[in-house]
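Written below as structure tokens is the structure these notes are about.
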Amino acid sequence: MIKNSPSDNDELVNGSVATYRQAELPEYYGNPLIEALPPMYSEADARDLLKYYPEVDPAIRTKPTHIRTHAVMNAADFFAPLPIHLALQQQIDRMLRGGYVNRNPIAPGYWPATNRAIAEMRERYKNSKIRPNAPHVTSPRGFSFIGVSGIGKSTAIKRIMAMYDQVIYHSYYNDRPFTHVQITWLHLQCPRKGSLSVLVKSFFQALDALLGTTYYRDFVEHSRKRVEEFIPDMKNLALKHSLGVLVIDEIQNLVSAPGASSDELLNFLVEMDNDIGVPIVLVGTFK
């Protein structure tokens with residue numbers, strides 16, 4: 001296990017310094033994005049990490065009723081993992097690691113090929129009045145997590161994603177300089193009425209809140225580009241920061257989308273998964 005050591009002047013925003021572990025499978029060897037992740041937990045280990053039992057101070061029982069009623073609110077944070085939660089954790093872990101296999105930033109030719117693909121994508125979107133089709137299709141890795149309202153879908157997803165440092169700062173790998181900021185997951189709300197424009201803009205804002213960057217100001221704030229022309233910038237940043245998983249919550253909001261908005265947003269999410277290999281998790285109700 002090797003841990004990078006940033007200088008005293010380095011500031012980490014919402015993240016941690018990369019700690020590399022020997023990968024458990026051959027297909028994961030030599031990939032710093034995967035080796036910087038926590039180990040592949042067994043179901044027993046995952047259960048221990050996911051559970052949360054609020055501590056109860058016995059002295060509270062002696063307090064007046066109006067004070068004890070406040071302490072009862074702690075029960076809302078109680079979380080006992082069920083078999084479905086453990087299966088979900090295993091699925092997300094496989095998806096996250098598998099999505100990085102073909103996106104190894106130190107693989108020969110990776111960045112030149114990525115830059116060429118983004119440049120070609122910009123031309124397609126710039127010269128088309130409609131959103132063009134993806135240039136190629138790969139097997140999607142994402143999935144949908146659908147259930148009735150109020151059963152704890154979002155809570156389960158958030159607790160599972162919290163098992164991973166959201167931002168990982170790399171500086172050296174195998175004794176060689178490797179400066180990279182990796183985002184393992186990003187959680188966004190599906191906009192009301194399924195607006196692709198709102199989703200794309202919220203992506204830039206979420207990155208700024210997470211990294212302390214100015215992407216929204218640089219790409220969106222004073223731009224007159226059509227929403228289609230922002231999409232290559234969004235995909236470029238997802239690749240630049242090796243986004244591991246994109247979670248879109250409240251996907252049922254697409255039901256109220258006018259016209260073709262719902263199809264436009266869903267097609268875009270499929271492209272994110274197929275075109276650049278970022279797995280998408282859609283969370284919502286049966287609506």
Checklist entry - Is there a ring-ring contact (aromatic ring centres under 6.0 Å, His included) between F78 and Y53 once you walk through the steps? => result CA-CA 5 Å; F78 172 83; Y53 304 149; 5.4 Å; yes
Item to check | Worked check of side-chain contact (heavy atoms from CB on, under 4.5 Å) between M95 and V281 | outcome: CA-CA 10 Å; M95 178 186 66; V281 177; 3.4 Å; yes
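In this structure, CD1 on I92 lies 4.0 Å from CD1 on I157, to the nearest 0.5 angstrom. Separation of atoms NZ (K63) and OG1 (T69) is listed at 13.5 Å; rounding is to 0.5 Å. Taking CH2 from W185 and NZ from K158, the interatomic distance works out to 8.5 Å, rounded to the nearest 0.5 Å. The CG atom of N31 sits 9.5 Å away from atom CZ of R103, with the distance rounded to the nearest 0.5 Å.
Side-chain contact between D48 and P81 is absent, with no heavy atoms from C-beta onward closer than 4.5 Å.
N104 places a side-chain N or O within 3.5 Å of a backbone atom of G30 that can act as its donor or acceptor partner. Without hydrogens or angle criteria, H70 side chain to I67 main chain gives no donor-acceptor distance under 3.5 Å. Using modelled atom types, no side-chain atom of N236 and backbone atom of P232 make a donor-acceptor pair closer than 3.5 Å. Side-chain atoms of T184 come within 3.5 Å of backbone N or O of D165 as a donor-acceptor pair.
Hydrophobic cluster membership is shared by V278 and V200, with clusters built from Ile, Leu, Val, Met, Phe, Trp and Tyr side chains linked at under 4.5 angstrom. F230 is connected to L243 through a chain of hydrophobic side-chain contacts under 4.5 Å among Ile, Leu, Val, Met, Phe, Trp and Tyr, so both are in one cluster.
Looking only at atom types and distance, the side chain of Q252 has a donor-acceptor partner in the side chain of E250 under 3.5 Å away.
Taking the six-membered ring for Trp and thresholds of 30 and 60 degrees, F178 and Y173 have ring planes more than 60 degrees apart, a perpendicular arrangement.
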